Amino acid sequence: MRPSVTLRLAAVLVLGVPAPAAAQDEALVEQFAPLLAAEDARNYDPGLFRRALVAPDSQVRAFAALAAGRIGDPRATPGLLTLLGQPDSSVSVA
């Protein structure tokens, strides 16, 4: 993982995402890391984002939405539109 991705992952987990239970830390890192790498490289991977945008964890869905938007690939639009009706407002806002 490139240093900028590692630093951003730390910032997301420490500052931008509510702290999950300790047992969830590793699982969340494993889900956030490929999204951060894709965003950093500006590389929209349809399979990666398809899975992340429907992840059980709302933090992952919200971050995937932000990352997809920052990448700016129009292929993300259908997946992003499905998030607008999410009951968790942090997901629909993202």
Side-chain angles (χ1 to χ4, degrees):
M1 192 177 311
R2 295 187 334 210
S4 62
V5 173
T6 304
L7 291 174
R8 289 178 59 211
L9 177 58
V12 167
L13 293 175
V14 173
L15 303 173
V17 177
Q24 292 178 322
D25 286 346
E26 188 173 328
L28 282 176
V29 168
E30 289 177 7
Q31 293 178 61
F32 281 120
L35 293 169
L36 283 165
E39 179 189 357
D40 195 46
R42 298 295 189 256
N43 178 31
Y44 181 76
D45 176 346
L48 170 67
F49 281 91
R50 189 177 315 113
R51 289 186 304 276
L53 291 171
V54 297
D57 192 298
S58 63
Q59 296 171 353
V60 174
R61 292 193 310 273
F63 188 79
L66 290 172
R70 289 177 183 139
I71 292 170
D73 191 308
R75 295 177 292 172
T77 304
L80 292 172
L81 290 174
T82 65
L83 297 180
L84 292 176
Q86 293 283 308
D88 184 331
S89 63
S90 66
V91 176
S92 57
V93 168

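Note that this is a predicted model, so its numbers are computed, not measured.
Contact annotation: the side chain of L36 approaches that of F63 to within less than 4.5 Å [non-hydrogen atoms, C-beta and beyond]. Contact of the V29 side chain with the E26 side chain is not registered, since no non-hydrogen atoms from C-beta on lie closer than 4.5 Å. Using a 4.5 Å heavy-atom cutoff, the side chains of N43 and I71 are not in contact. Annotation: side chain of V54 is not in contact with side chain of T82 (no heavy-atom distance under 4.5 Å). With contacts defined as side-chain heavy-atom distances shorter than 4.5 Å, the pair F32/Q59 qualifies.
A distance of 12.0 Å separates CG in L80 from OG in S92, rounded to the nearest 0.5 Å. Atom CZ of R51 is separated from atom CG of D45 by 6.5 Å, given to the nearest 0.5 angstrom.
In this structure, the side chain of R42 does not engage the main chain of A38 through any donor-acceptor pair within 3.5 Å. Between the side chain of R61 and the main chain of A55, a donor-acceptor pair closer than 3.5 Å is present.
Closest approach of A65 and L83 over heavy atoms only: CB-CD1, 3.7 Å. The shortest heavy-atom contact between L53 and A64 is CD2-CB, 3.7 Å. Here the closest non-hydrogen pair linking Y44 and A68 is CE1-CB, 4.4 Å.
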**OP:** Just do the side chain to side chain contact (heavy atoms under 4.5 Å, CB included) check on L35 and V60 with the steps written out, would you?
**Re:** CA-CA 9 Å; L35 293 169; V60 174; 4.3 Å; yes

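Atom CZ of R50 has 12 or fewer heavy atoms from other residues, nucleotides or ligands within 6.0 Å.
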